[in-house]
Amino acid sequence: MINVTLLVGRLLFVALLYLFLFAIMKTGIGLVRGQRKKEKSWTIAVERGPKELRGVQIAVHGPVIVGRNPGADIVIGAGYVSGRHARFTLMGQNLFVEDLGSTNGTTVNGHRIFEPTALRDKDTVTIGDVVMRARFA
């Protein structure tokens with residue numbers, strides 16, 4: 001009789017242990033999913049420029065190079081754009097743009113920049129006649 005009671009107790013204990021572990025896993029997965037949904041990220045959208053570039057949108061997860069070289073992330077095939085014209089860089093939750101020594105320069109909201117400049121949501125970056133908008137969403 002004692003053996004049957006011990007067996008039932010052990011089975012009940014194992015069942016409760018599995019339920020507890022299942023509840024912990026479900027809560028942990030829910031927290032991780034919730035954090036990912038709330039995480040915001042930067043995107044760069046081309047608003048004006050050549051037809052083939054208009055509407056292009058790039059999510060910024062690392063450095064994004066803009067220039068005339070085929071190896072650039074955003075290639076602008078125009079003579080007034082340098083091979084490596086500008087770079088967008090993430091630093092924490094902030095997006096910076098810097099001119100990479102181009103001849104014709106880079107502007108943010110109409111002002112020429114000479115050092116890395118922090119962007120705010122909906123700022124415009126102009127390289128020649130190409131206008132890009134930075135968005136934080």
Whether the side chain of [X] engages the backbone of [Y] through a donor-acceptor N/O pair (distance < 3.5 Å, no angle test) should be reported.
| X | Y | answer |
| --- | --- | --- |
| D99 | A86 | no |
| R68 | V81 | yes |
| W42 | Q93 | yes |
| N109 | D123 | no |

Is there a side-chain contact between [X] and [Y] in this structure, where contact means two heavy atoms from C-beta onward sitting under 4.5 Å apart?
| X | Y | value |
| --- | --- | --- |
| T117 | T106 | no |
| V125 | F88 | yes |
| V108 | V97 | yes |
| P50 | V130 | yes |
| R84 | N69 | yes |

Between [atom1] on residue [X] and [atom2] on residue [Y], distance to nearest 0.5 Å:
| X | Y | atom1 | atom2 | result |
| --- | --- | --- | --- | --- |
| H111 | T126 | NE2 | OG1 | 11.0 Å |
| T124 | M132 | OG1 | CE | 10.0 Å |
| I74 | I58 | CD1 | CD1 | 3.5 Å |
| T89 | L119 | OG1 | CG | 10.0 Å |
| R120 | N94 | CZ | CG | 12.0 Å |
| I76 | I127 | CD1 | CD1 | 5.0 Å |

With hydrophobic residues grouped by side-chain heavy-atom distances under 4.5 Å, do [X] and [Y] end up in a single group?
| X | Y | result |
| --- | --- | --- |
| V60 | I65 | no |
| V64 | F136 | yes |
| L100 | L95 | no |
| F96 | V66 | no |
| L53 | V131 | no |

Given R133 and I44, is the side-chain contact (heavy atoms from CB on, under 4.5 Å) satisfied, shown in steps? CA-CA 6 Å; R133 188 168 302 273; I44 302 167; over 6 Å; no

Please find the pair of heavy atoms, one from Q57 and one from T43, that lie closest to each other, and give the distance. NE2-OG1, 3.7 Å

What pair of heavy atoms forms the shortest contact from A72 to G67, and how long is it? CB-N, 3.8 Å

Taking only residues two or more places apart in sequence or in another chain, which ones pass salt bridge (charged side-chain N to carboxylate O under 4.0 Å, His left out) with E98? R87

Please assess E47 against K122 for the test salt bridge (Lys or Arg N to Asp or Glu O under 4.0 Å), listing each intermediate value before the final yes or no. CA-CA 11 Å; E47 292 188 343; K122 299 180 183 170; over 6 Å; no

